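Each remark here refers to the structure printed beneath this line.
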Amino acid sequence: MQLYDQQVLKVHNSLSGQKENFKPQNPGHVGMYVCGPTVYSNVHLGNCRTFMSFDMIFRYLRHLGYKVRYVRNITDAGHLVDDAEDGEDKIAKKARLEQLEPMEVVQRYTLDFHNILAKFNLLPPSIEPTATGHIIEQIEIIRDILEKGYAYEKNGSVYFDVIKFNATYEYGKLSGRKLEDMIANTRELTAQDEKKSPQDFALWKKAEPQHIMRWPSPWGDGFPGWHLECTAMSTKYLGETFDIHGGGMDLKFPHHECEIAQAEASNGKSPVSYWLHANMLTLNGKKMAKSTGNSILPGEIFTGENTIFSKPFSPAVVRFFMMQAHYTSILDMSNDALLASEKGYHKLMGAMAQVERLNTANHTHMEVTAWKQSCYDAMNDDFNTPVLIAKLFDAVKHINLIKEGKESITETDQKTLLETMRQFVHDVLGLEENVTHGESTEKLGAVVELLIQMRKKARENRDFTTSDHIRDQLAELGIQLKDGKEGTTYSLG
RNA sequence: GGCAUCGUGGCCGAGUGGCUAGGCACAGCUCUGCAAAAGCUUGUACAGCGGUUCGAAUCCGCUCGAUGCCUCCA
């Protein structure tokens, strides 16, 4: 019997606007697709939050025992800058500006992306396909949609016929828009005379002679429309219908709306059971934008090389900060908020390190089994990580009381407590101590223990100059000593 | 202008038609050689204005504000 049979997971489905019981199409298996980044610059912190949210979801599904195929793409072509500039590709533009090969740009920022996500302790997806690696699949889908009559070719470009599609299906159901309203609110755009209607979107775009990124197709040399890649890759790796599609709130319209339209037009089926959208991250109450200076790169937070925060913050602290908010809420990042999270994070990790060393007795002052279920209840409620963290802090309080000898715990409960804490903190929330375990850490620990013994002796001799010197010097190195009833412990960093 | 999400105590953030999370900060106390750590105690907040209700911060309406999107813009 798997955990997922014992726990009832509810997820907020953007398509229905409701929390629904999660039931995968194939029992025990989950197919999940998340829109990845366009690799034309350093990964945005807001993007990190989105990917971190889905990483947590991926982790929890796995923890429940599901076999999850998690696909997250890399957009390395097909993203246009703006139509006024005859549709220059973002990658190509960056390449031109930096005098690089397009693939050089892709390589550089893909590496940056992976590097940052690894620091945030994100698990790699099961498959990470690229748009340029799936041109053939995209052409096939265009062909299919053309055949079904929901697209038309014009001067070497192919457009999706939204009005025709809307006659049979419903365009706008995800974002709550009505096609009539959209038509009424359309602003005048230039250079789109090829389209029958302004609502139509490109499936294939003809490449102008100077365009570097181009592929041959039945309609001439060109490149695929942005929305198509996700349809092609999700279909290829997860099938015509799959369980979860995720992405940032900003992608709901038009991107995800178009994905639904493409899939329905080509195979008549709604592709996704549950649409999940992660909300945005703001900085000091304002949206992040390079133009206003209200912006920061993840790397700049880790190193402290920025003018926004008073000190560097570790990736784990930032991750903990983000996990303290629900993924569907707008989260505001500020210096004060990070400082608060940093203290809370260390308190949590400090208590966790104590569980193993707890003295056991024949009575437990804590309903461990009920507490454990309350952790699941939090996560089952649409991945409510802030509530989960509140539950974890309940345990922290008990751990500290037991450590002080004011409460007790049985050996069985201690085992359960430790296992549950580890599962939720490490496996689900993805929070790991930054300290790398190894020979050097062991040696460091031994040295600190030695100093603790020396300090203890000094204190017994009332040589407080020496004892305080040891304490203060260690503190300067980031090693904090904690005196307790049962002796002195320490924490690194 | 339209669509969407939201507006919670000093800060960050859960939650819910009545029993009012959690973290951080602040104050007092306990412990301590002094600190730190830890524990205990104290906070009745829910943008504004109306309405529904025995009762709303939670439901409805309006106003104000924030964030995202409005078609080739991620």
Side-chain angles (χ1 to χ4, degrees), chain A residues 14 17 35 37-38 40-41 44 46-47 75 78-83 87 90 157 159-160 162 172 174-178 181-182 184-187 189 191-192 195 197-203 205 225-227 247-255 257-258 277 279-282 285-288 320-321 324-326 328-348 350-351 354 378 381 384-394 396-397 399-401 403-404 406-407 459 462-464 467-468 471-472 475 480-485 488-491:
Chain A
S14 304
C35 295
T38 303
Y40 69 103
S41 69
H44 188 273
N47 272 103
T75 298
H79 219 138
L80 304 177
V81 174
D82 73 279
D83 54 301
K90 278 207 163 196
S157 293
Y159 296 96
F160 190 92
V162 171
L174 178 67
S175 53
R177 286 158 211 251
K178 295 250 174 297
D181 297 344
M182 285 185 241
N185 285 313
T186 302
R187 27 173 215 204
L189 291 168
Q192 55 177 20
K195 291 196 275 187
S197 155
Q199 278 66 42
D200 294 350
F201 55 89
L203 296 174
K205 196 82 179 159
W226 167 42
H227 311 305
M249 201 74 105
D250 50 340
L251 298 178
K252 216 176 191 180
F253 187 88
H255 185 57
E257 205 71 75
C258 294
H277 287 98
N279 216 138
M280 312 322 267
L281 181 71
T282 56
K286 296 253 161 58
K287 69 168 170 178
M288 276 189 261
F320 178 74
F321 163 74
Q324 274 187 298
H326 190 85
T328 58
S329 296
I330 294 175
L331 171 62
D332 186 46
M333 179 178 255
S334 65
N335 196 57
D336 286 350
L338 282 174
L339 284 171
S341 288
E342 185 171 54
K343 294 203 73 166
Y345 172 74
H346 285 131
K347 185 175 177 176
L348 175 65
Q354 296 303 319
D381 185 17
N384 199 327
T385 53
V387 169
L388 169 64
I389 290 172
K391 298 297 173 196
L392 293 173
F393 274 105
D394 279 350
V396 167
K397 179 175 274 191
I399 291 164
N400 285 325
L401 283 168
K403 188 187 154 205
E404 293 293 312
K406 289 174 181 158
E407 285 192 1
R459 290 176 72 196
R462 303 193 68 79
D463 177 6
F464 298 125
S467 69
D468 288 357
R471 178 220 289 163
D472 297 342
Q480 195 199 20
L481 300 185
K482 300 172 185 176
D483 296 328
K485 281 253 177 356
T488 302
T489 57
Y490 66 94
S491 68

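Keep in mind that what you see is a predicted model, and the values were worked out from it rather than measured. Convention: sequence-line order gives letters A, B, ...; per-chain numbering from 1.
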- Task: Report the C-alpha distance between Leu203(A) and Tyr159(A) in whole Å, list the side-chain angles of each, state the deciding distance to 0.1 Å, and finish with yes or no for side chain to side chain contact (heavy atoms under 4.5 Å, CB included).
- Result: CA-CA 5 Å; Leu203(A) 296 174; Tyr159(A) 296 96; over 6 Å; no
- Message: Let's go through Gln324(A) and Ser341(A) carefully: what are the C-alpha distance in whole Å and the side-chain angles of both, what is the deciding distance for side chain to side chain donor-acceptor pair (under 3.5 Å) to 0.1 Å, and is it a yes or a no?
- Response: CA-CA 8 Å; Gln324(A) 274 187 298; Ser341(A) 288; 2.9 Å; yes
Kindly give the atom pairs (protein nitrogen or oxygen, nucleotide nitrogen or oxygen) under 3.5 Å for nucleotides 17-22 of chain B.
none

Anything under 3.5 Å between a protein N or O and an N or O of nucleotides 3-9 of chain B, put it in a table, one pair a line.
from	atom 1	to	atom 2	distance (Å)
C3(B)	O2'	Ser175(A)	O	3.0
C3(B)	O2'	Gly176(A)	O	3.4
U5(B)	O2'	Asn279(A)	OD1	3.3

Protein-nucleotides 56-61 of chain B N/O pairs closer than 3.5 Å?
none

Look for any protein N or O under 3.5 Å of an N or O in nucleotides 34-39 of chain B and output each such pair with its distance, or none.
from	atom 1	to	atom 2	distance (Å)
C34(B)	O2	Arg471(A)	NH2	3.4
C34(B)	N3	Arg471(A)	NH2	2.3
C34(B)	N4	Arg471(A)	NH2	3.1
A35(B)	N6	Asp483(A)	OD2	2.4
A35(B)	N1	Asp483(A)	OD2	3.3
A35(B)	N3	Arg471(A)	NE	3.4
A35(B)	N3	Arg471(A)	NH1	3.4
A35(B)	N3	Arg471(A)	NH2	3.4
A36(B)	O2'	Gln480(A)	NE2	2.5
A36(B)	N1	Asp483(A)	N	3.2
A36(B)	N1	Asp483(A)	O	3.0
A38(B)	O3'	Asn400(A)	ND2	3.1
G39(B)	OP1	Asn400(A)	ND2	3.4

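Counting heavy atoms of neighbouring residues, nucleotides and ligands inside a 6.0 Å radius, atom NZ of Lys482(A) exceeds 12 of them.
Residue contacts shown for Tyr159(A) include a base, since a base heavy atom lies under 4.0 Å away. Here Leu331(A) lies in heavy-atom contact (under 4.0 Å) with sugar-phosphate atoms only.
Between the CG atom of Leu338(A) and the P atom of G13(B) there is a distance of 11 Å, given to the nearest Å. Atom NZ in Lys286(A) sits roughly 16 Å away from atom C1' in G68(B) (whole-Å rounding). Look at NE2 on His326(A): it is 7 Å from P on G15(B), rounded to the nearest Å. With rounding to whole Å, Lys205(A) atom NZ is found 12 Å from U71(B) atom C1'. One can place CZ of Phe321(A) at 10 Å from P of A14(B), the figure rounded to the nearest angstrom. In this structure, Asn384(A) atom CG and A14(B) atom C1' are separated by 6 Å, rounded to whole Å. Rounding to whole angstrom units, NZ of residue Lys287(A) and P of U67(B) are separated by 7 Å. Rounding to whole angstrom units, CD of residue Glu257(A) and C1' of G68(B) are separated by 15 Å.
Take the nearest nucleotide of RNA chain B for Phe464(A) and for Gly285(A): the residue whose nucleotide is more 5' is Phe464(A). Nearer the 5' end of RNA chain B, as judged by each residue's closest nucleotide, is the contact made by Met288(A), out of Pro37(A) and Met288(A).
Of the C1' atoms belonging to A66(B) and C60(B), the separation is 23 Å, rounded to the nearest Å. Separation of the P atoms belonging to A27(B) and A37(B) is 13 Å when rounded to the nearest angstrom. Rounded to whole Å, the P atom of C31(B) lies 40 Å from the corresponding atom of G15(B). Nucleotides A57(B) and G48(B) place their P atoms 9 Å apart, quoted to the nearest Å. Atom name C1', nucleotides G9(B) and G13(B): the rounded distance is 12 Å, in whole Å. The separation of U52(B) from C62(B), taken at their C1' atoms, amounts to 15 Å, rounded to a whole angstrom. For the P atom pair drawn from A25(B) and C49(B), the interatomic distance equals 34 Å after rounding to whole Å. Between C29(B) and C64(B), the two C1' atoms lie 44 Å apart (nearest whole Å).
Side-chain nitrogen and oxygen atoms of Lys195(A) include at least one within less than 4.0 Å of the OP1 or OP2 phosphate oxygen of C72(B).
Checked for salt-bridge contact, Arg459(A) and Asp483(A) meet the test: a charged N lies under 4.0 Å from a carboxylate O.
Remark: Lys286(A) pairs with Asn294(A) by the side-chain contact (heavy atoms from CB on, under 4.5 Å) rule, at least two apart or across chains. Annotation: side-chain contact (heavy atoms from CB on, under 4.5 Å) contacts of Leu331(A) (sequence neighbours excluded): Arg49(A), Leu281(A), Phe321(A), Met322(A), Ala325(A). With sequence neighbours left out, His326(A) forms a ring pair (Phe, Tyr, Trp, His ring centres under 6.0 Å) with no residue at all. Under the rule for a side-chain contact (heavy atoms from CB on, under 4.5 Å), the partners of His255(A) that lie at least two apart in sequence or sit in another chain are Cys35(A), Trp226(A), His227(A), Cys230(A), Leu251(A), Glu259(A). The side-chain contact (heavy atoms from CB on, under 4.5 Å) test applied to Ser175(A) returns Arg177(A), Phe253(A), Glu257(A), not counting sequence neighbours. Every residue meeting the side chain to side chain donor-acceptor pair (under 3.5 Å) condition with Asp200(A), not counting sequence neighbours, appears here in chain and number order: Tyr152(A).
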- Note on the structure: Writing each nucleotide of RNA chain B 5' to 3' as (, ), [, ], | or . by Watson-Crick or G-U pairing under 3.5 Å yields (((((((..(((.....[...)))..((((.......)))).....(((((..]....))))))))))))....
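Nearest heavy atoms, Gly46(A) versus Met288(A): N-CE, 4.3 Å.
With hydrogens and angles ignored, the 3.5 Å screen pairs a side-chain donor or acceptor of Asn384(A) with a backbone N or O of Val387(A).
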What side-chain donor-acceptor pairs closer than 3.5 Å can you find for residues 332-340 of chain A, not counting sequence neighbours?
from	atom 1	to	atom 2	distance (Å)
Asp332(A)	OD1	Thr282(A)	OG1	2.7
Asp332(A)	OD1	Asn284(A)	N	3.3
Asp332(A)	OD1	Gly285(A)	N	2.5
Asp332(A)	OD2	Gly285(A)	N	3.2
Ser334(A)	OG	Ala337(A)	N	3.2
Asn335(A)	OD1	Ser310(A)	N	2.9
Asn335(A)	OD1	Ser310(A)	OG	3.2
Asn335(A)	ND2	Ser310(A)	OG	3.0

